[in-house]
Structure formats: structure tokens, C-alpha cells
Amino acid sequence: MSATNERIPPTQTNIDSQTHLRGESLYLDDIPILTGTLFGACLGSPVAHGHIRSIDISAAEAVPGVIKVFTAKDIAGENEIGGIIQDEPLLADHEVHFCGMPVAFVVAETWDIARYAMKQIITDIEEHEPVTCPRKAKELGMLIHPPRTHRLGNVDEAFENCHYIFEGQADSNGQEHLYIETQGAYAVPQENGQIRIYSSTQGPTAVQKAVSKVLGVPQHSIEIDVTRLGGGFGGKEDQANTWAALCAMAAHHLQVPVKYALHRLDDMAMTGKRHPYSSDFKIGLSEDLKILAYEVTFYQNSGASADLSPAVLERTLFHCNNTYYIPNVRATAYPCKTHLPPNTAFRGFGGPQGMFVIESAIMFVAEKLGVDATDIQYRNLIQTGQPFAYRQLVDSDAQNCWHAAANAFNIGQIKKDIAVFNEQNEHYKKGMAIMPICFGISFTNTMMNNARALVHIYSDGSVNISTGAVEMGQGVNTKIMQVAAVTLGIHPRKIKILSTNTYRVANTSPSAASATADLNGKAAQIACTALLNRLKEVAAQQLNTTELDHICFKNGLVYLDDAETALTWEAVVMTAFVQRVALTENGHYATPKIHYDKATEQGHPFAYHVFGTSITEVTVDCIRGIYDIDSVKIVHDFGESMNTGIDMGQIEGGLVQGIGWMTLEEVVYDAKGKLRSNALSTYKVPDVYSVPGTITILPLETDKDNMAILKSKAVGEPPLMYGIGSYFAIRNAIKAFNPNAKIALDAPMTPEKTLMALYS
Ligand code: LUZ
Ligand code: MOS
């Protein structure tokens, strides 16, 4: 390797910091509106399940300023936006299957007119009984696809040899994404039937495909452009398609620009969320607390159509062991079709739901046997060379993380301090829980693990990079810029990362699965390396050498045998340009080594795993049922972080989002399938008062090789799962107050539930 691979200081500022701070960063709603632009509003079904007898749009169309009201019959191409399974119409045709399902799209001169007219549409729907419970759906045979099962060893035989066997149920609820920027799109017709769509999406290609299908035009006519998102969290991996398709349909039909950004309340009511799961477990252990057998059945509440549910379900199975080695496993998952908005990707993507169940099972055992759950956790951590049920042999840092946390944070002392506190306090009780995590990095669908980067060097030496990565606040553009700067040996200031655009980079996978920097960063690295090699040849000529290995680019200068020469980056680029050397390169990266066979449910789906251990301490106010998360202390496996500022931010954000899911955030649908927690007054998310008092994050120091970009492991999703510790820490505090408390394993542990449990 040449010396150009020197690291940019890991303190490299997020390139968006300044414009964010000054309010200058551009989001969908900041794009200047073209004259003649019309505004949309989408009517959602008022009922969760029913047959459409009629939709009367005459009063709406008569409202002055309304241009047209679109319904299913106006769709020129296919009325279909389903990604994995073709089961979701863009606009309801005969049937409505969830409350808020798009039924009609009003286009008017102003936003207010569109919203007013939308309310004048009269729907006549014959209501049918909705199903909202996944177990009931399963009984009725309402499944998105047949169940899937992961198997290892022989569970039935193993249970016969277990000293302890326990069975129970564990449920986790959904979660609203609450990205700060709501969903939306702006479609602008171009010449020759082309349409440019600005979309707040994690998946520009997914939007392009959906629009292409709905309009009945080839993909090459549909340009999707994304500058950045005000958050995605999975909610815009697949569910940005609807709004873009509606705008594109209207823009195509009327040949004028059409914009639609959702009202927050509509966004909350019409879009799917994290999948709630209800699960049954049976766990068997040896006398010395080794888990010998684990059987688990997951009932995923998929919602009314497939959306990403099959992939989410798969990741639940992949993570059903969390970070434990269990020799005998049988894990079955049912994707249960209910009349709720289609649930979708959400940071962790089914993994957290699977991990919550094994942690619940361990806690259940610990409480029954009167042992410390941490003892069971520790004894079963997976070791290098052991397999998960899907057979991938793990390169494990589970024990290293645990030991590092135990030493750095003195777990023994924490336990003692809590015992003393609980001894001395009657109405406040403290609890702690350890949450070790293991998360597999790569899209579980092997095919999706690829990316491209288009790199231009201009004749003045400045560089532009386009990739498939969508910047949604996670700092991926900064990381890609760092990769390019390190590879080319130039200052980051020389590099701009452009918007994500399907005309510049095609066939992209969504920015998801924590893999965006890995995939797109590697593609950028490949392109930059190819360009660098060309420039080295040009420099070699000028330096009268044939030894390309002796040349390196560093700090914008050319070095020969580690000695600075008079050649600058700019001079070499200009010479290359004059010599007609190509200064543009397209890099393509496809993750090597990964494979998976769904027929046998075996393979090597992940490039690598990310490990970590968190220690959560809480104090419960046992008179009121409210609680504080006092501290969360984490040892996290970064590999070698290429940007500690960004990565620490991801951990803090992920942790707090996980704590929210496990404690405060309660998605409530009524029996009719209507969202009750439909505003921020009824849906509580963590705020500055509910975040942990302190968050301490230490890196696990390893110098192992891994398949991450610049060895900097993916950090987007794994830390969310540290939040699961808060659930069990609160539970332990409740038990300290009332050892006989009957507490269902049913997250979130809201203050209301805590209060009930304290006095149960
Ligand atoms: N999206 C997806 C994801 O399509 N496949 C995945 O495996 C995944 N994992 C996490 C988040 N999004
Ligand atoms: Mo995501 S859940 O990585 O879109």
C-alpha cells in the first residue's frame, strides 16, 4: 500500500454542520417552487377494512382552485407499488385494507385548497371487520407468505436433556419513525416525457421503479434526485414511493409541476411503523446455566401488505439468538397480515424484535431461578468459530466487549452500589441491566449488496462524487468524502459530494442496513484508486521514473520515494487532461464472500458482525411510576472508527431511539384499526428530560481486519439495541420494590405500566 492511505484525522467535521447550523441546508421543502406548481393532498381511507361502493369527487372538483382529483381509474400504468410482493395498490380500487390507505389525490393551486377539497370527497365504503392482532390473523390463515424456520441441532432431543425448561411470551410494540422532515415529493415534467422528481427517500431507485410502473414509462424517463433527508430511520426505505408516484402521476397527466409534502398528522396516520411482534419462547438450560435449547415462534404484525415485511422477518430470525451461542435452535416466524398500515423498515429491521425475545427469555429464567440474568448472559456469549442457526461461523468480540465493559465500568461495584441504595431507600429503587449486542452487517438479501460511485476530476483538480448513498443526517457524505480524500491524497476541501440522482448512479440499493458507507464508500474507493493509478502514470513520466510504487500523492503533492517533489496535484491533473487521460471513473463494489440459501436457511449472509455491551442504570420513583435513565455505559466495537464524531453521534441517537421504543413510545390502534396515538400529544418520544443522565462510550480496541470501509465498522443500527437494556433495568428496579410484582414481558415499559407493576 502506498503512503496515501494515511488517515484523515477522525475529528473531520461533518460537512453539513455549518449549513445545518445556519439553516441553509436544503431539504425537499426548501427547493424553490417553479411558477405554475400545483399542490397535492391525499385522502386516506376512513376505515381499516371495507369494500368501496363509490367515491364521489364532484364536490371536491367543484372547489375553486382545484384542478383535478385523481382516483385509481386515472392510473395509466399499473396500480401497484409493492416492492417485494406485488400486493399494494397506489390508490385503493375496490378494497381498502388499512385506515389511511390512499384513496384519492387532490391537486389544486394551493396547499390549503387541496386540503380543504380533500375533505369534500365523499366515500361510500361497506365496512368489514378489521383484524389488528397478529395471532388472530395467523389463526385465520392471513399470512403474507408461508412461515420460515431457522434450525440448528435437534431441539426436541435437547429439551429432554435440559435441567431447566421455561416457557413464556414476550411482546414488543411498534414505533413511529418521527423523522423531522415528513414524507414528500416534488415532480417536475421535463421535455420528451421525462420527469424529474425530488423525493425525500432513502431509496431513489425504489421510487424510480414505482413511478415507472405507475406511469407505464421506462425507468430511463424517471429521474429521482435527493439532496438530503431530515431523517429516515427506515421509514423512507420503501414508503416514500407512494407520494412520489402520486405527484408524478399528476405531473405527467397535467404536464405541470406537482408537489406534496405530508402534514405530520397524515404522515403518522398513513405510513407504517416498526413491526410489533408477539412471540412465544421455550428455553432449556443445563444445571450450570448453559442455554442448550431455544424454541421461539414470532408473530410479526406485518400490516395490510407485504412492503418490506418478508425481509424484516428474515432479520428477526437472523438475530433471534442475539449474541449467544445456542447449540439447538428452532425459530419460526409468521408474517401476519392485519388491517394496519403496512409496517416497514425501522432501524434494526426486525433484529431488535428478535433480540428482545431472547433477552426476555433469559430474564424469565433468571427470575424463576433467583439468579442474576447477567450470569446467564455471560455464560452463553458466542465465541469465535461458533455458528448461529443460519450457520455463519462468527468472528466474535462478544466476550471482549463484555470484559472491557466489566473492567472499565466495574460492574461489581455498580451492583453493590445499587444494592446499598435500594437498602437505604424505600420509595426510590434502582435497577441495572447489561445488554450485549451482535448485529449482522449486509442486506440479508445478498443481491442488494452492491453500489456504484461516479467520480469526476475537473481540470482544475477539484473533484465531484456521486454515489447511491442518501445523506439522511447519518454523515455518509462526510465519510465518502474522507475516503476519497485519503485515497487521492488531497484535502477534503477539493471534494464535493453531489445529490443522489438516478441519472448519475443507477440501480442503487436503498441507504439502509447500516451498510451505506461500506458499500458506497468502497465503490468510491475503487473509482478513486483507478483514477489515482492513471495519475501516477502521468506523474511518473514527469518525474522520469517507471516505478509507480515509489510515487504517492499526499497533502495535494506528489512524493517520490517519500520525498516531496515540485509536482502538485493540480499540475498532474492538468497534464493528464492535456494528454487526454480519462479523469472520470465509475467504481462498482459488490460485497465478496456473502451468500445465503433460503431453501435450506443456511449460508454466510453477513460481511461481518458488530458487537458491543451496554450497562444501563435507572431509578424508579415508586410512588409515581416515573423513572430516570441514570446512565448508559457502553463498550462498542467500532473496528477503527474513521470519524469518531459522527460515530459517537450515531450511538447516542440510536441508543436514545432504542430507549424510546422500549420505554415511552406507545403506538396505539383501536379495535377498528384507527391510530389513536396520532399526534405528539398522545405519542411520547424521548426528549431532553428523558435521555440518560450520562452516556459513556468506549471503543473496543482491536486491530483485526474486517470488511468494513477503512476498517470502520457500520454504526447506524447496532446501537439502537443498547436501548433494550432500559426495559430490563426498569424491570429490575420494580422487582427491588416489589419482589412479587407480576410484570408481563410486554414492551414498552411506560410509566403507566410501571406504576401498575409496582403495586401488582
Ligand atoms: N433493508 C433491507 C434493510 O432491504 N434489507 C436488510 O437486510 C436491511 N437491514 C437493515 C435495514 N434495512
Ligand atoms: Mo433502515 S431500517 O437501515 O432503512
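Below, all heavy atoms of this structure are taken into account, side chains as well, without hydrogens, waters or symmetry copies. Sequence positions, counted from 1, serve as the residue numbers for this chain. Indexing begins at 1, ligand by ligand and atom by atom, following the structure's order.
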Ligand 1 atoms nearer than 4.0 angstrom to some heavy atom of M448 are 4 (O)
Which of the numbered atoms in ligand 1 are under 4.0 angstrom from any heavy atom belonging to E717?
10 (C), 11 (C)
If you count the atoms of ligand 1 from 1 in the order shown, which ones are under 4.0 Å from a heavy atom of A512?
12 (N)
Is there a nitrogen or oxygen of N445 sitting under 3.5 Å from a nitrogen or oxygen of ligand 1?
no
Can you label the angle between the F318 ring and the Y390 ring as parallel, tilted or perpendicular, going by 30° and 60°?
perpendicular
Should K684 and E666 count as an ion pair when the cut-off is N to O under 4.0 Å?
no
Between Y334 and Y299, is the ring centre distance below 6.0 Å?
yes
Logged contact type for F443 with ligand 1, heavy-atom cut-off 4.0 Å, is both
Would you please classify the geometry between the F611 ring and the H609 ring as parallel, tilted or perpendicular, with 30° and 60° separating the classes?
tilted
Which one holds for A345 and ligand 1: side chain close, backbone close, both close, or neither close, with close meaning a heavy atom under 4.0 Å?
neither
Hey, is R347 one of the residues with a heavy atom under 4.0 angstrom from ligand 1?
no
Taking only Lys NZ, Arg NE, NH1 and NH2, and the carboxylate oxygens of Asp or Glu, determine whether E80 and K213 approach each other closer than 4.0 Å.
no
Between the side chains of K479 and D647, is the shortest nitrogen-to-carboxylate-oxygen separation below 4.0 Å, so that they form an ion pair?
yes
